[in-house]
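Note that these values count all heavy atoms, side chains included, but never hydrogens, waters or copies made by symmetry.
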Amino acid sequence: MKKAPILIAAFILGSFAVGGVGLVAVTHEITDVKIAENQRAAMMAKLEAIVPAGRMSNDPLQDRIEVSDPDLLGAPKTEVYRVRDGDEPVALILKPIVPDGYAGPIRLLVSVLRDGSLGGVRVLSHHETPGLGDKIEERKDDWIIDQFNGRSLDEPPLEHWSVKRDGGVFDQFTGATITPRSVVNAVKGTLLFVRQNGDSLYAKPAAGQAEEGTAAEAESLATTTTVGDA
């Protein structure tokens, strides 16, 4: 038997295999880069929506720190993005977790301006009931914008930071009180944390690039269906 044709065929097949693997690897790399770019753009859009227009001259995804206050922020560690206009501090954007949502944890973005007022609140992910608790999403309802924009611990006074059913000033949803109650408490806790720590949060050295997966939370909201809310 002649070995030359067999060797040639093996070489050709091997070349195709190596080329195929290489093509898959290159395509995967290009796709990963594009996904990362899209995720970053989605997160930046979330951040820009809750700070004063034209006041972000830095890259808050790079200018970030980690803090720890589980009682007020809902998790052992919480990311904080700093927004600056030149050397002037503009806002702190925190990612507290609402641990007691009706159907599981709710992840938020909370922007606290330099004067202690809220620049805005947005939901990153949740599992609340479609048609009830999911009204915390700004694309489903204006509740999270109407209830929080411009608020502070002085407006309303701290003792009124609760939903109306509990004697406060914040609206709950018809047929769903647990979700808005939990979100209001989490936003209040975030404001208390910023008030207690003040300018020291702007002065800490940056931790650098945001962790993988951070932007992905902003790109899509989890909406697992549950039964009812209260």
- [ ] Rounded to the nearest 0.5 Å, what's the gap from CZ on Arg107 to NE2 on His127? Could you check?
- [x] 8.5 Å
TODO: Taking all heavy atoms of Gly167 and all of Ser162, pick out the closest pair and write down the distance.
DONE: C-OG, 4.0 Å
Task: Short side-chain to backbone donor-acceptor contact, Arg82 and Lys204, under 3.5 Å - done: yes
Open item on the list: Treating Asp134 as the side-chain partner and Gly131 as the backbone partner, does any N or O pair qualify as donor plus acceptor under 3.5 Å?
Closed with: yes
Task: From CG (Asp100) to CD1 (Ile106), nearest 0.5 Å - done: 8.0 Å
Open item on the list: Within the structure provided, determine whether Val90 and Pro52 are in side-chain contact (heavy-atom separation under 4.5 Å).
Closed with: yes
Task: Short N-O contact, Asp171 and Arg165, less than 4.0 angstrom - done: no
TODO: Quick one: closest heavy-atom pair of Asn149 and Gly120, and the distance?
DONE: OD1-CA, 3.4 Å
Open item on the list: I need the Ile136 CD1 to Asp141 CG distance, nearest 0.5 Å.
Closed with: 10.5 Å
Open item on the list: Ignoring hydrogens, what is the shortest heavy-atom contact between Pro205 and Ile65? Give both atom names and the distance.
Closed with: O-CG2, 3.4 Å
- [ ] Decide yes or no for Glu128 and Glu137: does some side-chain heavy atom of the first lie under 4.5 Å from some side-chain heavy atom of the second?
- [x] no
Open item on the list: In this structure, would Leu153 and Leu113 fall into the same cluster of hydrophobic residues linked by side-chain contacts under 4.5 Å?
Closed with: no
Open item on the list: Tell me whether the NZ or CZ atom of Arg151 lies within the 45° cone about the ring axis of Phe170 and under 6.0 Å from its centre.
Closed with: yes
Open item on the list: Are more than 12 heavy atoms, taken from residues, nucleotides or ligands other than Asp115, located less than 6.0 Å from that residue's CG atom?
Closed with: yes
TODO: Classify the ring geometry between Phe173 and Trp143 as parallel (under 30°), tilted (30 to 60°) or perpendicular (over 60°).
DONE: perpendicular
Open item on the list: Closer than 4.0 angstrom, basic N to acidic O: yes or no for Arg114 and Asp199?
Closed with: yes
TODO: Begin from the C-alpha positions of His160 and Glu155 and carry the test side-chain contact (heavy atoms from CB on, under 4.5 Å) through to its verdict.
DONE: CA-CA 9 Å; His160 297 304; Glu155 179 52 47; over 6 Å; no
Open item on the list: I want to check something: taking the side chain as every heavy atom from C-beta on, are Leu61 and Tyr81 in contact at a cut-off of under 4.5 Å?
Closed with: yes
Task: Min side-chain heavy-atom separation Leu73-Ile97 under 4.5 Å - done: no
Open item on the list: Looking at Ala186, is its backbone amide N or carbonyl O close enough to the side chain of Thr190 to form a donor-acceptor pair, meaning the two atoms are under 3.5 Å apart?
Closed with: yes
- [ ] Measure the shortest side-chain to side-chain distance between Glu48 and Met43 over non-hydrogen atoms and say whether it is less than 4.5 angstrom.
- [x] no
Open item on the list: Restricting to non-hydrogen atoms, name the atom on Ile50 and the atom on Val121 that form the minimum distance, rounded to 0.1 Å.
Closed with: CG2-N, 4.1 Å
Task: Donor-acceptor contact present, side-chain Asp69 to main-chain Leu72, <3.5 Å - done: yes
Open item on the list: Go through it in stages, so that I can follow the logic: the residues are Ile93 and Val51, the test is side-chain contact (heavy atoms from CB on, under 4.5 Å), and I'd like the CA-CA distance, side-chain angles, deciding distance and then a yes or no.
Closed with: CA-CA 9 Å; Ile93 302 178; Val51 296; 3.8 Å; yes
Task: Side chain Asn58, main chain Arg84, donor-acceptor under 3.5 Å - done: yes
TODO: Would you confirm whether Ser117, through its side chain, and Ser152, through its main-chain N or O, come within 3.5 Å as a donor-acceptor pair?
DONE: no
Task: Charged N-O contact under 4.0 Å between Glu66 and Arg64 - done: yes
TODO: Could you check if a side-chain atom of Val110 sits within less than 4.5 angstrom of a side-chain atom of Arg122, using non-hydrogen atoms only?
DONE: no
TODO: Output yes when a side-chain donor or acceptor of Ser182 lies under 3.5 Å from a complementary backbone atom of Val98, and no otherwise.
DONE: no
TODO: Could you give me the CA-CA distance, side-chain angles and deciding distance for Val187 and Trp161, then say whether side-chain contact (heavy atoms from CB on, under 4.5 Å) is met?
DONE: CA-CA 9 Å; Val187 174; Trp161 265 85; 3.9 Å; yes
TODO: Nearest 0.5 Å please: distance from the CG atom of Leu192 over to the CG atom of Asp71.
DONE: 11.5 Å
- [ ] State, with a plain yes or no, whether a side-chain heavy atom of Phe193 is found less than 4.5 Å away from one of Val67.
- [x] yes
Task: Minimum heavy-atom distance between Tyr202 and Val83, given as atom pair plus value - done: CE2-O, 4.2 Å
Open item on the list: Between Asp142 and Lys135 (salt bridge meaning N to carboxylate O under 4.0 Å), is one present in this structure?
Closed with: no
Task: Ser111 (side chain) donor-acceptor with Leu118 (main chain) under 3.5 angstrom - done: no
- [ ] Start with the C-alpha distance between Gln172 and Arg181, add both sets of side-chain angles, then the distance that settles side-chain contact (heavy atoms from CB on, under 4.5 Å), and finish with yes or no.
- [x] CA-CA 7 Å; Gln172 60 264 340; Arg181 176 189 288 136; over 6 Å; no
Task: Minimum-distance pair of heavy atoms, taken over all atoms of Asp63 and Ala206 - done: OD1-CB, 3.9 Å
TODO: Could you check if a side-chain atom of Leu108 sits within less than 4.5 angstrom of a side-chain atom of Leu124, using non-hydrogen atoms only?
DONE: no
